[in-house]
Amino acid sequence: MTHAHAPTTPRSTLVVTAHAGDFVWRAGGAIALAAARGEKVTIACLTFGERGESAHAWREGKDLAQIKALRRDEAERAASTLGAEVRFLDAGDHPLLPTPELTDRLVALYRETQPDVVLTHPADDPYNGDHPAAHRMALEARILAQAIGYPADGEVIGAPPVFYFEPHQPEMSGFRPEVLLDITEVWETKRKAMECLAAQRHLWDYYTDLAVRRGVQLRRNAGPNLGLAHRTLAEAYMRPYPQIAKELA
C-alpha cells in the first residue's frame with residue numbers, strides 16, 4: 001500500500017495501457033478480481049488503438065472518427081463488464097509519442113487515484129513500439145507523482161508496487177511469468193469482456209488458450225495439496241521492483 005487509508009477507503013488499482021483492448025487481454029482477470037473484492041479500478045487507455053489495432057474496421061471502410069468511436073464503445077463495455085472505470089487520453093497510436101501534456105495528465109491521474117497497485121506493459125515488445133512507450137510513460141509518471149515539487153494537483157503518492165502484464169509474444173519480449181494469478185473464479189467475466197472487443201475477435205481464442213496454459217503452470221508450481229480446481233485459469237505477471245515482506249512466502 002502507498003500509505004495508510006481510512007477504513008472506508010477501498011484499495012485502488014491503476015492500469016495504464018497503450019490501446020483500448022490491452023487491459024482486457026492482458027489483465028482482465030486481475031481487474032475483475034479486484035472489482036469483485038470491492039476495490040476501485042481505474043484504466044488509463046492512452047490511445048484507442050485506432051491506427052494499428054483496428055485493421056478489420058479500416059477494411060470495412062470506416063474512417064478515423066468512426067473507428068475511435070467503435071473502439072471507445074468496445075472498451076467502455078468491456079471495462080463495465082469487469083467492474084472498472086476507463087479513462088481515454090486519446091494520445092494517438094502508431095506511433096504513441098510522449099508529450100509534456102500527456103505526462104502531466106498521467107501524473108494527475110496517479111495523484112487522483114492514489115493506487116495501491118499499478119499494472120502496465122513490460123519494457124520490451126519488438127512487435128509494437130506503443131507498448132514499450134506506454135511502459136516508460138507509466139513508470140515515469142509514477143515517479144513524478146511521488147515528487148512533492150512536481151506541479152500537479154493532488155497529494156503525492158507513495159511507491160505502489162508495479163506488475164507487468166504478459167505481452168502477446170512473451171518469448172520475444174523477455175517476459176518471465178514470475179507471478180501467476182489464479183483467475184478461475186472470474187474467468188467467465190473476463191471472457192465476456194473479451195467478447196466485447198469484436199474489432200479483435202481473432203484474439204479471443206488465443207487468450208483463452210493462454211489462460212489455460214498459465215493455469216497449468218500455476219497448478220504445477222502450487223503443489224498438489226491446495227485444492228485447486230482441475231481446470232485452473234491464470235494470468236502471468238512480472239515485478240520490476242523488490243517485493244516488500246516481513247516473512248518469506
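Predicted, not measured: the structure shown is a model, and the values here were computed from it.
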Self-check item: ring-ring contact (aromatic ring centres under 6.0 Å, His included) between Phe88 and Phe48, worked out
Solution: CA-CA 7 Å; Phe88 301 101; Phe48 295 106; 5.1 Å; yes

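- Of all the heavy atoms in Leu109 and Ala44, the pair that sits closest is CD2-CB, 3.5 Å.
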Exercise. Would you check, one step at a time, whether the test side-chain hydrogen bond (donor to acceptor under 3.5 Å, both in side chains) holds for Arg231 with Thr184?
Key: CA-CA 8 Å; Arg231 178 177 166 83; Thr184 309; over 6 Å; no

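- When atom types are taken as modelled, the side chain of Glu140 and the backbone of Met137 share no donor-acceptor pair closer than 3.5 angstrom.
- Checking side-chain atoms of Asp116 against main-chain N and O of Ser12 turns up a donor-acceptor pair under 3.5 Å.
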Exercise. Please lay out, stage by stage, how Leu102 and Leu97 fare under the test side-chain contact (heavy atoms from CB on, under 4.5 Å).
Key: CA-CA 9 Å; Leu102 185 56; Leu97 300 174; over 6 Å; no

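- Under the 4.5 Å side-chain criterion, counting only non-hydrogen atoms from C-beta, Thr81 is in contact with Cys196.
- When atom types are taken as modelled, the side chain of Thr47 and the backbone of Gly49 share a donor-acceptor pair closer than 3.5 angstrom.
- Two residues are said to be in side-chain contact when any heavy atoms from C-beta on lie closer than 4.5 Å; Pro161 and Tyr241 fail this criterion.
- A 6.0 Å sphere centred on NE2 of His168 holds more than 12 heavy atoms belonging to other residues, nucleotides or ligands.
- Scanning for salt bridge (charged side-chain N to carboxylate O under 4.0 Å, His left out) contacts around Glu39 gives Arg11, Arg37, with sequence neighbours left out.
- Side-chain atoms of Glu50 do not come within 3.5 Å of backbone N or O of Ala65 as any donor-acceptor pair.
- Transitive grouping of hydrophobic side chains (ILVMFWY, heavy atoms separated by less than 4.5 Å) brings Leu106 and Leu139 into a common cluster.
- Residues Val212 and Leu33 fall within the same hydrophobic cluster, defined by Ile, Leu, Val, Met, Phe, Trp and Tyr side chains chained together at heavy-atom separations under 4.5 Å.
- Leu197 is connected to Leu210 through a chain of hydrophobic side-chain contacts under 4.5 Å among Ile, Leu, Val, Met, Phe, Trp and Tyr, so both are in one cluster.
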Exercise. Check the pair Leu119 / Arg26 against side-chain contact (heavy atoms from CB on, under 4.5 Å), numbers first and verdict last.
Key: CA-CA 10 Å; Leu119 309 180; Arg26 294 161 169 78; over 6 Å; no

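- A heavy-atom distance below 4.5 Å is found between the side chains of His94 and Asp130.
- Under 3.5 Å, the side chains of Gln200 and Arg71 contain a donor-acceptor pair of N or O atoms.
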Quiz prompt | Evaluation steps, ring-ring contact (aromatic ring centres under 6.0 Å, His included), between His121 and Phe165 | solution = CA-CA 6 Å; His121 299 270; Phe165 40 65; 4.8 Å; yes

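- Considering every non-hydrogen atom in both Pro240 and Tyr164, the closest pair reads CB-OH, 3.3 Å.
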Practice problem: Apply salt bridge (charged side-chain N to carboxylate O under 4.0 Å, His left out) to the pair Arg77 and Asp73, showing each step before the final yes or no. | Solution: CA-CA 6 Å; Arg77 288 188 288 110; Asp73 175 68; 3.0 Å; yes

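- Distance alone, capped at 3.5 Å, places no donor-acceptor pair between the Asp93 side chain and the Leu96 backbone.
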Exercise. Before giving the answer on side-chain hydrogen bond (donor to acceptor under 3.5 Å, both in side chains), spell out for His131 and His19 the whole-Å C-alpha distance, their side-chain angles and the decisive distance to 0.1 Å.
Key: CA-CA 8 Å; His131 296 153; His19 310 112; 3.3 Å; yes

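- The existence of a salt bridge linking Glu85 and Arg87 is confirmed by a sub-4.0 Å separation between a basic side-chain nitrogen and an acidic carboxylate oxygen.
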Quiz item: So Glu235 and Lys190, salt bridge (charged side-chain N to carboxylate O under 4.0 Å, His left out) or not? Walk me through it.
Solution: CA-CA 11 Å; Glu235 290 173 346; Lys190 177 172 179 174; 2.7 Å; yes

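- Distance alone, capped at 3.5 Å, is enough to place a donor-acceptor pair between the Glu74 side chain and the Ala198 backbone.
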Quiz item: Does the side-chain contact (heavy atoms from CB on, under 4.5 Å) test come out yes or no for Thr189 and Leu82, once each step is laid out?
Solution: CA-CA 6 Å; Thr189 300; Leu82 295 171; 4.1 Å; yes

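- Asp153 CG: 12 or fewer foreign heavy atoms inside a 6.0 Å radius.
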Practice problem: Please lay out, stage by stage, how Val24 and Asp22 fare under the test side-chain contact (heavy atoms from CB on, under 4.5 Å). | Solution: CA-CA 5 Å; Val24 182; Asp22 294 338; over 6 Å; no

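- Considering every non-hydrogen atom in both Ala159 and Gln146, the closest pair reads CB-OE1, 4.1 Å.
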Exercise. Go through the steps to decide whether Glu195 and Arg191 satisfy the test salt bridge (charged side-chain N to carboxylate O under 4.0 Å, His left out), and finish with yes or no.
Key: CA-CA 6 Å; Glu195 292 176 1; Arg191 177 69 194 202; 2.8 Å; yes

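- Of the listed residues (Thr232, Asp182, Thr208), just one forms a side chain to side chain contact (heavy atoms under 4.5 Å, CB included) with Trp187, and that residue is Thr208.
- Side-chain contact between Thr17 and Thr120 is absent, with no heavy atoms from C-beta onward closer than 4.5 Å.
- Counting heavy atoms from C-beta outward, Asp124 and Pro132 have side chains that stay 4.5 Å or more apart.
- Evaluation of the side-chain contact (heavy atoms from CB on, under 4.5 Å) rule for Gln243 yields Arg239 as partners, not counting sequence neighbours.
- A distance-only check finds no donor-acceptor pair linking the side chain of Thr42 to the backbone of Leu14 [under 3.5 Å].
- Within the 4.5 Å cutoff, no side-chain heavy atoms of Pro122 are placed close to those of Ser173.
- Screening residues 96-111 for side chain to side chain donor-acceptor pair (under 3.5 Å) gives Asp104-Tyr150 as the qualifying pairs, with residues at least two apart or on separate chains.
- Classification of Arg214 and Glu166 as a salt-bridged pair holds, one side-chain N sitting under 4.0 Å from a carboxylate O.
- By the rule that hydrophobic residues join a cluster once side-chain heavy atoms approach within less than 4.5 Å of another member, Leu233 and Trp204 end up as members of one cluster.
- Hydrophobic clustering (ILVMFWY, side-chain heavy atoms < 4.5 Å, transitive): Val118 and Ile157 are in one cluster.
- No donor-acceptor pair under 3.5 Å is formed between the side chain of Trp25 and the backbone N or O of Met194.
- Using a 4.5 Å cut-off on side-chain heavy atoms (C-beta onward), Thr13 and Ile31 make no contact.
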Practice problem: Begin from the C-alpha positions of Arg72 and Glu76 and carry the test salt bridge (charged side-chain N to carboxylate O under 4.0 Å, His left out) through to its verdict. | Solution: CA-CA 6 Å; Arg72 174 189 284 273; Glu76 286 177 339; 3.6 Å; yes

